[in-house]
Each structure stands twice: as structure tokens, then as C-alpha cells.
Amino acid sequence: MRRTVAETLISFLLGAAWALALGGAALFFWSFLPFGFVVAFMAAFIGSLAGLLFVVLLEVAALQFERQREIRHQTRLLKKILQAVESETPTTPSALRESVDDASLRDH
């Protein structure tokens with residue numbers, strides 16, 4: 001599967017966002033630990049929110065790239081099916097299925 005530069009960048013930034021979430025949680029936890037464990041735990045959650053927000057946003061972006069790739073693949077398959085249906089020679093369902101299977105194997 002080929003990945004674009006944008007997808008590679010999103011993957012890298014996703015790792016950085018997870019590091020930000022964990023780093024923020026650890027920093028806030030250790031900073032607020034003298035005030036008690038419960039307060040430190042709540043502060044760690046607050047400290048991780050910025051990183052988790054970036055994680056969610058980047059995951060949505062990655063899903064959109066995946067969705068676009070899948071729609072492009074389905075469009076190619078539907079065009080091949082349409083060509084087979086509109087062709088002059090009658091096609092049996094098994095021949096059509098083999099044609100689609102061959103096309104899907106080449107595309108992935």
C-alpha cells in the first residue's frame with residue numbers, strides 16, 4: 001500500500017501527539033503529587049487533554065485519507081463492472097466475478 005507524504009506526516013504527528021499526552025500527564029502528575037494522589041491523578045488527566053485532543057484530530061485526518069482511498073478503489077471496481085455490463089459480449093456471472101477479483105487483487 002502506497003502512502004502519501006501527508007499520510008506519513010500525519011503518522012509522525014500522531015506519535016508526537018501521544019508523546020505530548022503522556023508527557024503532559026507525567027509532568028502534571030509529578031508536579032501535583034505533593035498535594036495528594038487523587039489531586040495528582042486529576043491533574044495528570046488535565047495535563048493529557050491537549051495531547052489527546054491532537055490525537056483525536058489526527059486520527060480523524062488519517063481516517064479521511066483511508067476513506068478517500070477506499071472510495072477511489074470502489075469507484076474503479078464499479079467502473080469495471082459497468083464496462084463488463086455494457087460490453088457487447090454477454091458475460092456470465094462467474095466471468096464477471098473473476099474479472100472483479102483480478103482487478104481488486106491488482107489494485108491492492
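This is a predicted model, so every value here is computed, not measured. The residues of the chain are indexed from 1 along the displayed sequence.
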>> In this structure, would Leu13 and Val55 fall into the same cluster of hydrophobic residues linked by side-chain contacts under 4.5 Å?
In response: yes
> Who passes side-chain hydrogen bond (donor to acceptor under 3.5 Å, both in side chains) against Thr75, sequence neighbours left out?
Replying inline: none
> Which atoms form the tightest heavy-atom contact between Ser48 and Ala21, and what is the distance?
Replying inline: CB-O, 3.5 Å
>> Please give the remaining members of the hydrophobic cluster of Leu57, linking ILVMFWY side chains under 4.5 Å, ordered by chain and number.
In response: Leu53
> Which residues satisfy the ring-ring contact (aromatic ring centres under 6.0 Å, His included) test with Phe28, sequence neighbours excluded?
Replying inline: none
>> So, taking the atom named CG in Leu82 and the one named OG in Ser87, what distance separates them when rounded to the nearest 0.5 Å?
In response: 10.0 Å
>> Nearest 0.5 angstrom please: Leu49 CG to Phe54 CZ, how far?
In response: 12.0 Å
> Of all residues at least two apart in sequence or in a different chain, which pass the side-chain hydrogen bond (donor to acceptor under 3.5 Å, both in side chains) check with Glu59?
Replying inline: none
> Rounded to the nearest 0.5 Å, how far apart are CG of Leu22 and CH2 of Trp18?
Replying inline: 7.0 Å
>> For the CD1 atom of Ile81 and the CD atom of Gln83, what is their distance to the nearest 0.5 Å?
In response: 10.5 Å
> Shortest non-hydrogen contact from Ile10 to Leu58?
Replying inline: CG2-O, 3.7 Å
> Who else is in Met42's hydrophobic cluster (ILVMFWY, side-chain heavy atoms under 4.5 Å, direct or via others)?
Replying inline: Val38
>> Restricting to side-chain hydrogen bond (donor to acceptor under 3.5 Å, both in side chains), what partner residues turn up for Ser31, sequence neighbours left out?
In response: none
>> Can you pull out every side chain to side chain donor-acceptor pair (under 3.5 Å) where at least one residue sits in residues 5-14? Sequence neighbours excluded, please.
In response: Arg3-Ser11, Thr4-Glu7, Glu7-Arg69
> What residues form a side-chain contact (heavy atoms from CB on, under 4.5 Å) with Phe12, not counting sequence neighbours?
Replying inline: none
>> The criterion is side-chain contact (heavy atoms from CB on, under 4.5 Å); which residues satisfy it with Phe29, sequence neighbours excluded?
In response: Leu33, Phe37, Ala40, Ala44
> Near Phe65 CZ, under 6.0 Å, is it more than 12 heavy atoms from other residues, nucleotides or ligands?
Replying inline: yes
